[in-house]
Each structure stands twice: as C-alpha cells, then as structure tokens.
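Notes to accompany the following structure.
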Amino acid sequence: VQLQASGGGLVQAGGSLRLSCAASGRTFSRYAMGWFRQAPGKEREFVAAVSWSGGSTYHADSVKGRFTISRDNAKNTLYLQMNSLKPEDTAIYYCAIFTAPDYSDLTAVYYWGQGTLVTVSS
C-alpha cells in the first residue's frame, strides 16, 4: 500500500496550489479519504474529507470556501485544490484513507500517506 502525495511548493499569499495523492497497491474506492496538515510546532489537524463516491465532502472551517477536496476513483487519486492561500496554511499536508466509506469518525484513519510541504509567503 502506498499513498504518494505531490503538488506542494512555495507560493505567495493569495495564490493557488493543487495537491494530489495517488494510491497504489490496492483499490481504495470503497473508503472515504481525507487531507490533514501539520504546521511547525503544532499538532496535526483535519483539513477536508470526501466520501467513497465523492458525492459528499466536509471541510474544516479554517479552509471552507478556499479549499476543495475531490477524488477520481478511476485513477485512484485524491485531490485538494487550494485557493486564496494564507501564510497560516503553511504546513506539511498528508493524505489519508479512512476505515469506512464515510467520514463520520475523522480519527479512524486506516493509512497515512507521506506528506507534501506547502509554504505560503506573505
């Protein structure tokens, strides 16, 4: 099982980035997936989640209206479109697979991917 995150980088405040997370080793289309982030000196926090079908999403208040999570099950890939980035969005972003088709329990992570660093300059 592998979750390969990509798309991070350095961007100015107000800019955009699109993160991708490619899953390999097995199919995860029956499970909800999500993005989390960890800023320097802080605990990992939830960012966004999407149901197994992609039909339902949930975003943390801190990113609502700016970030959009989506998935393409045919490509076994998870996305996070990030717009209007702020310096406080600077963090390592991790993709994750939940243990259920929905995201009713955001602590029930089955597998973590490696992170991708997003740095937003002011």
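We number each residue from 1, following the sequence as shown.
At a threshold of 4.5 Å between non-hydrogen side-chain atoms, the residues W52 and D102 do not count as touching. For the pair N73/F28, no side-chain contact is recorded, criterion being any heavy-atom separation below 4.5 Å from C-beta on.
Tracing side-chain contacts under 4.5 Å through hydrophobic residues (I, L, V, M, F, W, Y), one never reaches M33 starting from Y103; they form parts of separate clusters. Each of I69 and F98 belongs to its own hydrophobic cluster when Ile, Leu, Val, Met, Phe, Trp and Tyr are linked at side-chain heavy-atom distances under 4.5 angstrom.
To the nearest 0.5 Å, the span separating OH on Y79 from CH2 on W35 amounts to 10.5 Å. The distance from the CE atom of M82 to the CZ atom of R18 is 11.5 Å, given to the nearest 0.5 Å. To the nearest 0.5 Å, the span separating CZ on F67 from CG on L19 amounts to 8.0 Å. Residue R30 holds its CZ atom at 14.0 Å from CD1 of I97, rounded to the nearest 0.5 Å. Interatomic distance, OG of S29 versus CZ of R71, reported as 7.0 Å (0.5 Å rounding). Rounded to the nearest 0.5 Å, atoms CG (L78) and OG (S70) are 7.0 Å apart.
Legend: side chain to side chain donor-acceptor pair (under 3.5 Å) pairs involving residues 112-122, not counting sequence neighbours: none detected.
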Taking only distance into account, with no hydrogens and no angle test, what donor-acceptor pairs under 3.5 Å do side-chain atoms of residues 87-96 form with protein atoms, sequence neighbours excluded?
| residue | atom | partner | partner atom | Å |
| --- | --- | --- | --- | --- |
| D89 | OD1 | R37 | NH1 | 2.9 |
| D89 | OD1 | R66 | NH2 | 3.0 |
| D89 | OD2 | R66 | NH1 | 2.7 |
| D89 | OD2 | R66 | NH2 | 3.4 |
| D89 | OD2 | K86 | N | 2.8 |
| T90 | OG1 | P87 | O | 2.9 |
| T90 | OG1 | V120 | N | 2.9 |
| T90 | OG1 | V120 | O | 3.4 |
| Y93 | OH | R37 | NH1 | 2.9 |
| Y93 | OH | D89 | O | 2.7 |

Please report, to 0.1 Å, the donor-acceptor pairs under 3.5 Å made by any side chain of residues 2-14, with sequence neighbours excluded.
none

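Annotation: F46, atom CZ; neighbour count of heavy atoms from other residues, nucleotides and ligands within 6.0 Å is above 12. Residue K64 places its NZ atom among more than 12 non-hydrogen atoms of other residues, nucleotides or ligands, all under 6.0 Å distant. Dense packing is recorded around CZ of F36, with more than 12 heavy atoms of other residues, nucleotides or ligands lying under 6.0 Å away.
The minimum heavy-atom distance linking T57 with H59 is given by the pair OG1-CE1, 3.6 Å. Listed here is the closest heavy atom pair of A49 and L106: CB-CD2, 4.2 Å.
Under 3.5 Å, the side chains of N83 and S16 contain a donor-acceptor pair of N or O atoms.
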